[in-house]
Protein chains: 2
Amino acid sequence: MTLKRVAEDLNLSITTVSRALNGYPDVSESTREKVREAAQRVGYVPNRLAQALQRGTAEAVGIILPSQFGHFEDPFFLELLVGVGERLHNANLDLVVCAVPEGPAELDAYKRLVEGRRADAVIIARTRRHDERIDYLIGRGIPFVAHGRAETATPIAFIDADARTAFRRSTRRLIELGHRHIALIGAPEELFTAGERRAGYEDALQEAGIAFDPDLYAVTKLNERGGTTAAERLLGAARPPTALLCANDSIALGALRIARRLGIAVPEELSIVGFDDLPMAAQAEPALTTMRQDIRGAGARLADMVCARLGGAAIADLQELLEAPLIERESSGPAP
Amino acid sequence: MTLKRVAEDLNLSITTVSRALNGYPDVSESTREKVREAAQRVGYVPNRLAQALQRGTAEAVGIILPSQFGHFEDPFFLELLVGVGERLHNANLDLVVCAVPEGPAELDAYKRLVEGRRADAVIIARTRRHDERIDYLIGRGIPFVAHGRAETATPIAFIDADARTAFRRSTRRLIELGHRHIALIGAPEELFTAGERRAGYEDALQEAGIAFDPDLYAVTKLNERGGTTAAERLLGAARPPTALLCANDSIALGALRIARRLGIAVPEELSIVGFDDLPMAAQAEPALTTMRQDIRGAGARLADMVCARLGGAAIADLQELLEAPLIERESSGPAP
DNA sequence: TTCATGATCCAAAACGTTTTGGAAAGTGTA
DNA sequence: TACACTTTCCAAAACGTTTTGGATCATGAA
C-alpha cells in the first residue's frame with residue numbers, strides 16, 4: 001500500500017497525503033483527518049527504503065558480532081545487543097547486525113554496511129589498543145561509537161568501564177585482606193582494556209610497596225578455557241599466589257574449576273576475583289567476587305550516544321567512563 | 001559515490017555502467033574492464049537502499065529478540081543469532097534485529113519490519129502453541145521461518161528439535177536406571193515445545209506401565225529461578241522424586257543448586273537431566289546430563305530455509321526435526 | 001547496393017517517498 | 001474594484017538504482 005494509492009482513493013495529491021501524515025501545517029484539519037483515517041483503514045505503512053533513499057539517511061545503525069567468540073563470553077554480547085536494540089527501537093532506528101568471522105572480513109562488513117548506505121553509523125565493541133576498525137571509520141568519516149577505548153590520534157566517542165580504577169580497588173582490597181602474592185590473569189594485550197586492568201593492578205601494588213612479579217602475571221583469551229590453562233600454570237608454580245585477579249568472569253570461573261580440581265579451597269586457600277558480574281557469577285560455587293558492569297545499561301547509553309552523534313553532538317561530549325564496583329561474594333577472603 | 005558519477009567520469013551512460021558491473025552481456029569486454037577499474041578506483045559501492053527500492057525487495061530478513069528473557073536463557077538466543085547472521089551474511093542478506101519487550105509491541109515490530117519493507121521475511125523463535133505472531137504472518141502472507149513448531153491451520157516452515165523423542169528416550173533411560181519416581185519440570189504450557197516434552201515423558205512412563213502422577217509435574221519459566229522454585233516444591237514433597245527431568249538446562253542448573261542447598265547428593269540420591277546442552281552444562285558441578293541441541297547449526301539452517309523460502313521453495317520442503325541425543329554426564333545415575 | 005544481423009550503447013521510466021516552488025481560491029483592506 | 005495576504009492544495013524534481021525498448025553502427029550476405 002503506497003502513498004499514491006491512498007492519494008488516489010481520496011482524490012488528493014501524493015504531496016498532500018504525505019504532508020498530512022507528517023504533520024505539516026499547510027493541510028487543513030479536515031483533510032488531515034480524512035487522510036489519517038484512510039491510511040489507517042487501508043493499513044498504509046511508509047516504505048522505509050524509499051524514505052531512507054529520499055532523506056539520504058538509512059535510519060539504521062550497524063553492529064558487527066564477531067562470530068567466533070568463545071562461548072563463555074557470549075552473555076556479554078547479547079546483553080549489550082539487547083540494551084542497544086531496545087533503545088534504538090524506541091528512537092525508531094533499525095539495528096542491522098552482521099555476524100562475520102573476525103579478521104579482514106570484519107572490516108569489509110563495516111564497509112558494506114555504511115558505504116552501501118545500509119547504516120548511518122556503527123557501534124563497535126571489544127576495542128583493541130590499535131584498532132584498524134577505528135582507523136578505518138575515522139578515515140572514512142563514518143560516525144561510530146565504541147564500547148571500549150583505543151589509542152587513537154583523534155578522540156573518539158566511547159563508553160567504557162573504568163577498569164583501571166576497579167582493578168586498583170580490588171587489588172587494594174586483597175592487600176587489605178593480607179594478600180601479598182596476588183596474581184593477575186590478564187586479557188590479550190592487544191585489547192585496550194588489558195592495559196587498563198594491568199595498570200590498575202600495578203597501581204595498587206606500587207601503592208603498597210609490593211614489586212610487580214612477572215611470574216604472577218599471565219595473559220590469556222577472555223574465556224573459560226583461558227582461565228583454566230592460566231590458573232593451572234600459576235597455581236602449579238613454586239610459590240603459588242594466594243589470590244587470583246581475573247580479567248573476566250569467564251576466566252575466573254575457569255580458575256575456580258582448576259582450584260577445585262587441584263583441591264585448593266576457595267576462599268580459604270585462594271581468593272578469586274572476576275570482572276563483569278555475569279549472571280552466572282552469582283550462581284557459581286562458591287559465588288564469585290567480581291566487579292560489576294551494567295552491560296545492558298551500557299548498551300542503552302551506547303544507543304543514546306549514537307543518536308546524539310547522528311544529531312551532531314560533539315565527540316568530546318560523548319565519552320563516558322563507568323564505575324565498576326567490587327561485589328564481594330564467597331570466592332574471596334583473608335589471606336591464608 | 002554514485003553510479004552517475006562513475007558514468008560521468010567515463011563518459012558513459014548510467015545504464016552501461018550498471019550493466020557492466022552486473023555482468024550483462026551487452027557491454028564490451030573493454031568497457032566493462034574500464035568500468036570495473038574506475039568503480040574500484042573511486043570506491044564505488046552500490047546504494048543498497050536504492051537497489052532494494054528498485055528491486056522491490058529489501059534484501060534483508062528480520063528477527064525480534066524479546067528483550068526480557070531471563071538471563072540464563074540468553075546463550076540460546078545469541079547462538080541462534082550468530083548462526084543465522086553468519087549464514088545470511090554469506091548470502092548477502094542483512095539481518096535486521098529488533099529488541100522489543102514481549103507483548104503487543106512485538107507484533108507491532110514485525111509489522112513495521114515487513115510492511116515498512118525493511119525485511120523480506122522474518123524469523124521467529126520460541127514458538128507458542130497458539131502463536132499470534134504466526135497467525136499474523138500467515139494472515140499477511142509474509143514469508144517466515146520458525147524455530148519451533150505451532151498449532152496452525154496451514155503448515156509452516158520450521159526447524160525444531162525433536163523434543164518428544166528426546167524426552168521419551170531420557171525418561172526411558174532413567175527408568176532403565178531403576179527410577180520409578182521421575183518428576184518433570186516442564187515449560188510454560190503455552191509454548192509448543194512444552195507439550196512435546198511432556199508427551200515424550202508420558203510416552204515412556206506409559207511404556208513402562210508407570211502412571212502419570214500430577215504431583216510429579218511442575219511448570220515454570222525457562223530460567224534458573226524457575227528451576228529453583230519448582231525443584232524446591234517437588235523435593236519438599238512427602239515422597240520426593242529420585243529423578244528430575246527438566247525442560248531446560250537453565251532449569252536443571254537451578255534444580256542442581258536447590259539440591260545442593262538441601263544437602264541432596266547428585267546423582268547418588270537424585271538424578272537431574274536438562275535440555276539444550278548449553279556450554280555451561282558441561283561446566284556445572286556435577287556436570288549436567290542433558291539432551292544436546294546444535295543451536296548455532298540450527299540458526300544456520302534457519303537462514304538457509306529463509307533463503308529457500310524467498311526463492312520460492314515449498315513450505316512442505318522446509319520442515320526439519322532435529323535429533324537431540326542424550327549426553328550422559330555426572331548428574332544422572334542409578335536410582336538410590 | 002541493400003538489408004538483415006549482432007554488437008554496443010543509451011534515454012527514460014520506474015520503485016515510493018520528501019520537498020520545492022508555486023497555483024488557486026478565499027478573505028479582508030484600501 | 002483592486003490589492004495583498006492567508007489558506008489549502010499540487011506538479012515536478014530528486015534520491016540511486018535496474019530495466020525496458022530502442023538507437024546506432026559496423027559487418028557480412030544477398
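Letters A, B, ... are given to chains in the order of the sequence lines, protein chains preceding strands, and every chain is numbered from 1.
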Taken to the nearest whole Å, NZ/B/K34 to C1'/C/dC9 is 12 Å
NZ/NE/NH1/NH2 to OD/OE distance under 4.0 Å, B/E190 and B/R128
no
Any side-chain N or O of B/Y44 less than 4.0 Å from the OP1 or OP2 oxygen of D/dG16?
no
Quick one, B/Q51 with B/R48, criterion side-chain contact (heavy atoms from CB on, under 4.5 Å). Give me CA distance, side-chain angles, the key distance, then yes/no.
CA-CA 5 Å; B/Q51 283 185 326; B/R48 299 208 70 190; 4.2 Å; yes
Would you call A/K34-A/E37 a salt bridge at under 4.0 Å N-O?
no
Are any of the side-chain nitrogens in A/D304 or A/R301 under 4.0 Å away from the carboxylate oxygens of its partner?
yes
N/O donor-acceptor pair, side chain A/T16 with base D/dT8, under 3.5 angstrom
no
Gap between atoms CD and P, on B/Q54 and D/dG16 respectively (whole Å):
15 Å
Length of the CG-C1' vector between A/L49 and C/dT18, whole Å
15 Å
Start at the 5' end of DNA chain C and walk down; is the nucleotide closest to B/R32 or to A/D26 reached first?
B/R32
If only side-chain N and O atoms of A/N47 are considered, is one of them under 4.0 Å from the OP1 or OP2 phosphate oxygen of C/dC15?
no
Expressed as a whole number of angstroms, how long is the span from A/K4:NZ to D/dC10:P?
16 Å
C/dC10, OP1 or OP2 - any side-chain N/O from B/T15 closer than 4.0 Å?
no
Nearest to the side chain of A/A50, which nucleotide is it out of C/dT17, D/dC9, D/dT19?
C/dT17
Distance, rounded to the nearest Å, where A/I14 contributes CD1 and D/dA14 contributes P:
17 Å
So, does B/S18 get its side chain near the phosphate of D/dT18, meaning an N or O under 4.0 Å from OP1 or OP2?
yes
Give a yes or no on whether the backbone of A/V61 and the side-chain of A/D120 come within a donor-acceptor separation of less than 3.5 Å.
no
Starting from P on D/dT18, measure out to OH on B/Y24 and report it in whole angstrom.
8 Å
Under 4.0 angstrom, heavy atoms only, what part of the nucleic acid is B/P46 near: base, sugar-phosphate, or nothing?
sugar-phosphate
Considering the terminal five base pairs at each end of the helix from C/dT1-D/dA30 to C/dA30-D/dT1, what angle separates the two local helix axes, rounded to 10°?
80°
Would you tell me if any nitrogen or oxygen in the side chain of A/T31 comes within less than 4.0 Å of OP1 or OP2 on D/dT8?
no
Kindly indicate whether the side chain of A/E86, heavy atoms from C-beta on, has any atom under 4.5 Å from the side chain of B/P101.
yes
So what does B/R19 touch, heavy atoms closer than 4.0 Å: a base, only the sugar-phosphate, or nothing?
base
Atom CG of A/L10 to atom P of D/dC10: distance rounded to whole Å?
10 Å
Before you tell me yes or no, could you show the steps for B/T193 and B/R149 under side-chain contact (heavy atoms from CB on, under 4.5 Å), namely the whole-Å CA-CA distance, both residues' side-chain angles and the distance that decides it to 0.1 Å?
CA-CA 8 Å; B/T193 191; B/R149 284 162 288 170; over 6 Å; no
Looking at B/E8 and B/R5, does any basic side-chain N land under 4.0 Å from a carboxylate oxygen?
no
Can you tell me how far P of D/dC10 sits from CG of A/L12, to the nearest Å?
5 Å
Where the side chain of A/Q51 is concerned, which of C/dT18, D/dT17, D/dC10 is the nearest nucleotide?
C/dT18
